[in-house]
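Each residue takes its place number in the sequence, starting with 1. As the structure lists them, so they are numbered: ligands from 1, and atoms in each ligand from 1.
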Amino acid sequence: MRQSNFFAPTLREVPADADTKSQQLLLRAGYIRQNAAGIYSYLPLGLKVLKNIENIVRDEMDKAGAVELLMPALAPAELWMESERWFSYGPELMRMKDRHNRDFALGATHEEVVTDLIRNEINTYKKLPLTVYQIQNKFRDEKRPRFGLLRGREFLMKDAYSFHSNKESLDDVYNKMFTAYSNVFTRLGLNFRAVIADSGAMGGKDTHEFMVLSEIGEDTIAYSDTSSYAANIEMAPCLNNYEKSIDEILTLEEVETIDKRSIEDVASYLGLETVKCFKSMLFKVDEKFVLVLARGDHEVNDIKLKNLYSASNVELATEEDAKRLLGANFGSLGPINIDTNKIDIVADNAVAAIVNACCGANKNDYHYTNVNINRDYKPTIVADIRFIKEGDASPDGQGIVKFAKGIEVGHIFKLGTRYSEYMKANFLDENGKQQPMIMGCYGIGVSRLISAIAETCNDEKGLVWPNAVAPFDVHVVVVNPKDQDQKELGEKIYENLMSKKCKVLLDDRNERPGVKFADADLIGIPVRVTIGKKSAENIVEFKQRTSDEVIEITVEELYNKI
Ligand code: 9G3
């Protein structure tokens with residue numbers, strides 16, 4: 001490709017609204033342009049990187065035995081009504097009406113469409129298992145699109161769906177996908193972890209997220225410092241290994257704690273450690289009020305609370321709710337003498353192990369001390385309901401937990417029959433009995449990967465693409481195209497490398513050398529060949545983007561080197 005009639009508008013200055021390094025570089029190097037919040041155009045360089053990533057994903061999907069198809073982005077609302085998701089998703093699901101005023105969803109994901117497609121074609125175990133995938137734009141009207149391609153409103157996803165007549169078959173495909181995903185992210189040169197995740201609204205239980213470690217990642221991973229254990233902190237379980245103290249059980253006391261609100265203030269005022277105190281947080285779980293008890297140094301995990309109740313919505317109650325139901329403000333709430341017909345009490349495992357605890361008295365400016373579970377309050381449920389912390393024992397019992405931020409680039413699920421039951425996608429099993437198909441689904445954020453790679457593969461001069469995804473293999477820079485020797489040698493090398501199936505970008509522009517070198521560094525093609533003064537002696541300069549070293553070699557040596 002000749003740069004003189006290419007389209008890669010590079011920018012000198014950093015765009016003001018770029019909120020991450022990768023976004024700055026992709027904009028400055030002319031890879032993408034924003035059309036609207038979370039909506040982008042891929043310019044030629046960006047599209048080449050996107051296609052390279054797609055093809056690695058395609059290659060691994062095909063090797064895993066999946067078959068590529070392409071479904072429409074427009075889905076009739078009726079399908080989303082059958083799965084009962086039409087009304088459970090809010091403004092994030094983009095919708096439209098056609099000319100006949102019929103409702104459609106703009107595809108945020110394709111469980112409904114693919115299940116409808118398969119239920120009309122497959123009805124016997126003899127045709128299972130089947131795994132199909134597509135690589136297609138998804139639409140999700142994110143409240144806060146940010147970090148460029150990392151959280152867009154129209155983005156490219158590879159989504160695969162597998163259909164099975166039994167669990168073993170699902171397990172087999174799930175494992176094949178797990179391997180395929182590991183291959184994809186390894187081939188892309190990413191530092192990633194497969195973490196145990198929460199399946200959220202998707203139903204099913206086993207699910208893994210693939211996280212690229214990065215400071216700007218929105219997810220937090222809890223991982224063991226000695227084993228391969230890693231889990232999204234949303235669901236990382238906490239070992240129930242709290243030792244119950246052998247202190248004598250003391251008599252309950254109500255104490256005045258004027259203007260002491262936080263656990264720390266109350267604990268220090270009463271001369272207690274915070275681990276002897278517990279906080280009581282009032283939540284609304286769907287329509288039910290739940291008072292959740294967590295030790296002073298722990299935080300309530302609302303995702304675990306949601307899963308405990310299989311709820312669809314969990315939120316903190318308001319202070320008015322607290323005053324109306326418990327008679328006190330936040331910071332003075334507690335489980336003693338409350339109406340457990342109206343309010344459940346959920347105590348974290350750690351709270352159940354505290355002897356002579358301190359908690360709110362449901363009376364402003366008063367607390368109880370020497371609180372003992374079952375004597376002074378009866379919890380509805382005792383469970384693991386807190387967020388894991390750095391320093392906790394690793395859930396697999398090996399080593400201790402550390403945190404890292406991660407960018408989710410893949411997510412695989414064992415869906416079970418959640419969609420096939422709602423949508424009657426059944427098959428006749430070996431015994432001639434109708435059964436709902438067992439499903440799995442597997443996503444990779446293809447466009448998100450551009451930014452995830454750019455976020456780690458860069459330096460102060462610009463992008464530094466790994467060979468596997470670079471838009472070109474070699475950047476041939478003719479320092480002075482007006483010089484006949486340089487121009488001709490540049491053309492010769494360009495043609496020769498192209499004949500060897502090398503992807504070459506030839507910078508034949510009439511620009512100052514400094515501009516050309518700066519652009520080459522910014523664009524980030526792995527190898528740069530400079531055609532300069534010594535071209536008459538058949539000598540060129542060879543430079544790898546990952547090093548500052550520039551070597552002079554003959555054109556012949558160049559061909560061998562490349
Ligand atoms: C929606 C909207 C946003 C969504 C979903 C539905 C996430 C939704 C989960 C999945 C599950 C898997 C197949 C590929 C892998 C991920 N955000 N999810 O279902 F309507 Cl607006 O997408 N789908």
Using only heavy-atom distances, determine whether the side chains of [X] and [Y] contain a donor-acceptor pair under 3.5 Å.
| X | Y | result |
| --- | --- | --- |
| H298 | K279 | no |
| N301 | E234 | no |
| Y419 | D116 | no |

(request) Could you grab the distance from atom CZ of R33 to atom CG of L26, nearest 0.5 Å is fine? (result)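 Rounded to the nearest 0.5 Å, the CZ-CG separation comes out at 10.0 Å.
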(request) Could you label the plane-to-plane angle of the F210 and F185 rings as parallel, tilted or perpendicular, counting under 30° as parallel and over 60° as perpendicular? (result)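 If you compare the ring of F210 with that of F185, the planes turn out tilted.
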(message) Check the orientation of Y89 and W80. Use parallel for under 30°, tilted for 30 to 60°, and perpendicular for over 60°.
(response)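 Judged by the thresholds at 30° and 60°, the geometry between Y89 and W80 is perpendicular.
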Show the atoms of ligand 1 that are less than 4.0 angstrom away from any heavy atom in [X].
| X | result |
| --- | --- |
| Y161 | 13 (C) |
| L93 | 20 (F), 21 (Cl) |
| D159 | 14 (C) |
| A108 | 1 (C), 2 (C), 20 (F), 21 (Cl) |
| G443 | 14 (C), 15 (C) |

(message) Taking K176 first and then D172, would you say they form a salt bridge - that is, a charged N and a carboxylate O separated by under 4.0 Å?
(response)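 Yes, K176 and D172 are salt-bridged.
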(request) From the options R140, K138, E111, R95, select the one whose nearest heavy atom is closest to atom 22 (O) of ligand 1. (result)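 Looking at heavy atoms only, the winner is R140.
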(request) Consider ligand 1: state whether an atom of it lies below 4.0 angstrom from any non-hydrogen atom of W80. (result)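 Contact present.
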(request) Please work out whether any backbone atom (N, CA, C, O) or any side-chain heavy atom from C-beta onward of R85 is under 4.0 Å from ligand 1, and answer side chain, backbone, both or neither. (result)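 Under 4.0 Å from ligand 1, R85 contributes side-chain atoms alone.
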(message) Is there a polar contact between ligand 1 and T109, counting only N or O atoms under 3.5 Å apart?
(response)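 There is such a contact, yes.
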